[in-house]
Amino acid sequence: MILSKEEAKKRMEKLRSEINHHRYLYHVLDRQKISDAALDSLKNELYKLEMEYPELIVPDSPTQRVGGKPLDKFTKVKHSQPMTSLFDAFSQQDIKDWETRISKLVPDERLDYYCELKLDGLAMALKYKQGVFTVGATRGDGKIGEDVTQNLKTIESIPLQLRVPGEAELLKIGLNEKQAKETVRAINQGEVEVRGEAIMTKKVFIELNKKYEREGRALLANTRNGAAGSIRQLDSKITAERKLDFYAYALVNELGFIKHSDTFSLLQLLGFKILHHNKYCRNIGTVIDFHDSWEKNRGKLPFEVDGVVVKVNKLDLWPKLGVVGKGPRYMMAYKFAAEQVTTKIKNVVWQVGRTGILTPTAVLEAVQVGGVIVSHATLHNMDEIERLGLKIGDTIIIERAGDVIPKVVQVLPNLRSGQEKEIKAPKKCPMCDSEVVKVSGEVAYRCSNTNCYAINLRRLTHWASKGAIDIDGLGPKIIEQLIKEGLVSDISDFYNLKEGDLKPLERFADKSASNLIAAINNKKEIELAKFIYGLGIRHIGEETAIVLANHFGSLEKVAEAGLEELDSLPDFGGVMARSVYEWFRDKHNLNLLIRLKNSGVKTKEVKQAKKDLIFKGKSVVLTGSLNSLTRDEAKAKIRELGGDISSAVSKKTGLLVVGNEPGSKYDKAEELGIKIINEEEFLRMIK
Ligand SMILES: [Zn+2]
């Protein structure tokens, strides 16, 4: 959606205050009301608006700084070097763009990378004086952290004393003799600072929550929350009970390493756990492969991971690339596809199921979630809408876990503009206009017309069928599934489907989902006759649809046509004329045409008959077989030259073409005094 500058300004203010609110809960109070992914999604929206309107960026925008404020209950620790935040990449394009940007700063370098799994825990800075663990601090605001040394001492994977590596070990990992000696000296006599992540494993998280449930204590929201809550509290016995783990990922001291990857070897020699999943990647393509493979397999890891940290591997490039704003240019958090994102709800549509029950579905501003683009979310029933407090126009958090239709998990009412609309259960059926009744004792509403579902299914199937729009792969079985999942209720809905909407359906592999979307979009420009036929107007078959299309030339003209004009068309009985006339005067039908148009569906202009077209305005009837043309070829020729084809001779017939063995039409035409020509004359006319 495109916002005006004024609208953007208001939206940005609301986003900033909402993000700040959640960050305060998250970083300062260790409470979490919305997921990290949903918060990221809001930040991303704000960031995109800031890119569009840079003049509206304020210095204290949450996109501009590192989160967290040190809590007063802890002693404060000034970091020897700032603990920066990372910039986020959400897609392949983002990470490639990053490489393009930094390549310009170091044009003569061939960039290679080191990829680390991005643990979802709490970043820590550990200081060792003369080899002994003395101070451990949280990130805080990036410059000042909180002293949580006592709590960290309960974590078994944090060495209380550094292991002193032998010189030979140090030479093996890339240091020269002088550097090796200095390293040993720094460990024994100086200060060493190690950074890493304190985490709670999934197993511990589950066990603790079971225990807390038995004891009636508050449950942990997630592993990050579990880790943060254990470290940022004053009783180190609680930390011990939580069985946290620690993985090191950086060494602040400059010891002369050339490659970032080598520092991991040293961290291990010093006695730290490191992630063995981390990998050297020689180019951005391998980075993407590493990311994609762990995105798929993250569930198998014993801890929560929310992406990959990609670092430029050559350490001498780090100072050249430098730090900008909140984070360094030489590393990037390449996030996994979020299972939760924020988006806006554009509308709620009600779908009548096989049993007549009306089910609401949310139509969304299309958004990427779980790696695919979706435009719908399930809402189940009116009670669910009320429970969520949902209004049309709301900013919402949707979740897509695995291949299922996303659901709406939360409304963010602070982001409302005042333009939101209440959602009400319809009084009349949106499909057939019949009365809607509330099922007594249930939350459901039902259409009182028992044929409602069948009629609508037929209507949808007809549109996609061979004679009409002919959409490949969109048969009755698939359409039934689409109705069942609330994805389509009228034909215009076909054109709003996104790949991610289809993937959850049975018999939809990735391939067939994208194929069907392509097939639907390929048929957005439709021949007028097929379009009219596809609408399923009563009494209007393929032939009569062609008559209408050829006579009027455009949909607008068909819609405006008066009864008399329709009645005068060849082969058009009064019933048909009335049916067309009424169809185009029905409010529901006109709304459907508008929705089709808004979805990008167009009719092809019919080439209007030119003045010298010999059959213009004439109703032509064929009887008997022709020698040089098939019947269909003859019909096409007549239409091309402005004529209309009729199957029977009547007063309105303008011309009868007679082939071999003519039928009773010949006699009738003679009787009515209609002009009759044979094949030879016909061929001469059409030459
Ligand atoms: Zn109905």
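Keep in mind that this is a model prediction, so the values were computed, not measured. Values below: every heavy atom of this structure, side chains too, minus hydrogens, waters and symmetry copies. Heads up: numbering here begins at 1 and tracks the sequence. Counting starts at 1 for both ligands and their atoms, in listed order.
Taking the six-membered ring for Trp and the full ring otherwise, Trp463 and Tyr533 have centroids separated by 6.0 Å or more.
Comment: Lys43 engages Asp40 in a salt bridge, judged by a side-chain N to carboxylate O separation of less than 4.0 angstrom.
Residues Cys432 and Cys447 meet the side-chain proximity criterion, which asks for heavy atoms closer than 4.5 Å.
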Practice task
Could you give me the CA-CA distance, side-chain angles and deciding distance for Glu543 and Arg639, then say whether salt bridge (Lys or Arg N to Asp or Glu O under 4.0 Å) is met?
Solution key: CA-CA 11 Å; Glu543 283 292 330; Arg639 285 197 194 103; 2.9 Å; yes
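No more than 12 heavy atoms of other residues, nucleotides or ligands sit less than 6.0 Å from atom CG of Asp472.
Remark: of the listed residues Arg11, Gln410, Lys14, Glu420, Arg11 is the sole one forming a side chain to side chain donor-acceptor pair (under 3.5 Å) with Thr395.
For the Zn ion (ligand 1), the count of nearby protein N, O or S atoms, meaning those under 2.8 Å away, is 4.
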